[in-house]
Amino acid sequence: MCGELRAANAGQHVVLMGWVNRRRDHGNLIFLDLRDRSGIAQVVLDKELTPEGHLKGEQVRPEYVVAAVGKVRLRGKDAINPKMPTGEIEIEATELRVLNDTKLAPFSPAEDAIANEEVRLKYRYIDLRRAEMQRNFWLRHEITRSIRESLSNQGFLEIETPILCKSTPEGARDFLVPSRIHAGEFYALPQSPQIFKQILMISGFDRYFQVARCFRDEDQRADRQLEFTQIDLEMSYPRRDHVFGVVEKFCAAAWAAAGITLPTPFPRITYDEAIRQYGSDKPDLRLPGLTDVRSAFPDGSLDTLQIDPALPIVAFRIPAVGELSRKEREDNHPLFDQKKGAKFIDDFKRLAKSFPDTVTKIRELSGAAEGDYLIVVAGDPAHHIKASDTKFEGRLSEREINVYMAAGNFRSELAKKYADRHKAFQLTDELVQTADPRSGNKLDGSNAFHPIWIVDFPMFEYDLASGKWVPAHHPFTAPYEADMANLTTDPASVRADCYDLAMNGLELGSGSIRIHRKDVQQQIFASLGISEDEAKQRFGFFLDALEYGTPPHGGIALGLDRIVMLLAGASSLREVITFPKTAKAIDLMADAPTTVSDQQLRELHLKITQRS
RNA sequence: GGGGACGUAGCUCAGUUGGUUAGAGCGCUGCCCUGUCACGGCAGAGGUCGCGGGUUCGAGCCCCGUCGUCCCCGCCA
């Protein structure tokens, strides 16, 4: 392989095959940089040594596929290129064969400048030749392999589950697959192997995992594709801590595969605390969180400032942003979500005119340093949004959550915007870029990656649109024993034994201890307003299975694409998925989706009634 | 479904207040060059300014619509 040759290989006869990365023609001497997956090696075509090879060298162009036959030789002292791993040697060619020519590519994989994404996706095969992409997918392979190995070593069996499933209209929209054999009936692609993996526990497989492709027909985001891969696992007789231990182990292995150490165990935080401290259920711990600054506001000031006294008042700071002009601050206003019934104060000079002590105290409480961008978020009494303010002992009300979330979202938007000033994210970028997994050395990831378990989620959320309680996780999640009594009386107070894993502001995974008793399952369905008939129709087979000696079980699923994205330092999943879809769910290379022939439709008993 | 950014040469981008023939770098083509490695030198080709309409004496620039890509909200148990 091109990139593997070193001084120790000098004298060896080699045949190198690859793409012409660059050509430097000096007349009677031509240099070709030959590229394959492993890297680049320089081939020298000397007219005196190989007139025929030299002639072909004059004809080749970048991205031609060629074979160079020759001898590895040490370069002269002056000719050594310290920037290349293979810089100490070159191939003295005796022969050059053109294996294939090429049309002029729309962009060059050898260039540093990256073409726009539309072009990259259309010519994905060329884009994937770029060293960065080659590295991303090599990394993905290594990460996946280390996770497989870690889970296997922890006694987990990799088991496949069906892709053609039964549609269960819960959660995300299903992708449907029409049945040819059964007119008018459909399979669904799995949103996750949830029910199957639980049934595998009932089947006695104890510990299961799968690198599972999942499908959700929802709108895309930078961190969401229609089609994605989960590390899905389930185990029998676990407590939450067992699941955490398993995940922490394979995460450490995955990070190690990327050349980074990830300290375990991961810290934990309850859902309520995550909301209170970060205004998010996937907090980014790389920056300071929210501070309760209620005490900074004297009696009476809230009325003047038109702040709702019943709701939280919090401050956050984005470090080292520097002085912002009035216009710069105003440009940031659209980043604040007005719809949550919250407002913010970012003009402290103005606030200081009426309440100088308040400003001093806010700075003190939040630990703001000179140059930090400071924001206060509070409830807006004028802006009454429809939300339940029912408050249960010790739990956050929906309106409180809204204020915290408004602050949390604003915080992460501003953090993103001023990333080059506070430099907290740069640390992560630099680490993944410096890490060299192949060398075997591991860099310390403790300052760049901040995993955190979120626990004690509410079991239910109140859905304003339907006026119903809906499961915050999924309907197979076990409630806390202690909260079971409140199931019908106080649904909002019931905590679920489920957990999320978040890292650097990204949700990496989500899981729970499941319900293993049919009576409990039926109670949950009842409190969700799902009738017995309905439950039977949707999940009948699963409810049946629950009756045949179901062991207590639980598990989790982690987004593999997101893990790879983090470790590749990518800002979008598309950088770590070979053939991704666009934001409008289109495959630009293959041109999918498309219409199909009438013949195909007839076979599937389908009729298109409207074509926009 | 909604909000925002972008769309100019193969690629990356500039294009002033609406004003003559739309520019640069890279790439491409041809010629020259024996130590380059982002090689260098000389010459050259290359444009439906996303598309459609409007305003105007005149539109890459202003207005309306539309398409595409990206980001966000909704949505994602």
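Throughout, a chain's letter reflects where its sequence line sits, starting with A, and its residues are numbered from 1.
- Remark: the A/Arg61 side chain and the B/rU29 base include no donor-acceptor N/O pair separated by less than 3.5 Å.
- A donor-acceptor contact under 3.5 Å is formed by the side chain of A/Arg224 with the base of B/rC76.
- Note on A/Asp46: a base of the nucleic acid sits closer than 4.0 angstrom, heavy atoms only.
- Rounded to whole Å, the C1' atom of B/rG35 lies 33 Å from the corresponding atom of B/rG46.
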message: Determine whether A/Leu335 and A/Phe410 satisfy the following criterion, side chain to side chain contact (heavy atoms under 4.5 Å, CB included), listing intermediate values before the conclusion.
response: CA-CA 6 Å; A/Leu335 297 175; A/Phe410 202 24; 3.8 Å; yes

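- The gap from the P atom of B/rG23 to that of B/rU34 amounts to 37 Å, rounded to the nearest Å.
- Scanning atom types as modelled, no donor and acceptor separated by under 3.5 angstrom connect the side chain of A/Arg221 and the base of B/rC70.
- Put simply, the side chain of A/Asp219 and the base of B/rG74 share a donor and an acceptor less than 3.5 Å apart.
- By the 4.5 Å heavy-atom criterion applied to side chains, A/Ile556 and A/Val247 are counted as neighbours.
- Distances were taken from every side-chain heavy atom of A/Glu218 (C-beta onward) to each of B/rC76, B/rC39, B/rU69; the shortest belongs to B/rC76.
- As judged by a 4.0 angstrom heavy-atom cut-off over every strand, A/Ala79 is placed among the base-contacting residues.
- Counting any heavy atom pair closer than 4.0 Å across all strands shown, A/Asp337 reaches no nucleic acid atom.
- Residue A/Glu48 is classed as a base contact, given a heavy-atom separation below 4.0 Å to a base.
- Within 4.0 Å (heavy atoms only), A/Thr582 reaches sugar-phosphate atoms of the nucleic acid but no base atom.
- The base of B/rU36 sits with one of its N or O atoms less than 3.5 Å from a complementary donor or acceptor on the side chain of A/Gln42.
- Between the base of B/rC33 and the side chain of A/Asp25 there is a donor-acceptor pair shorter than 3.5 Å.
- As judged by a 4.0 angstrom heavy-atom cut-off over every strand, A/Lys47 is placed among residues making no nucleic acid contact.
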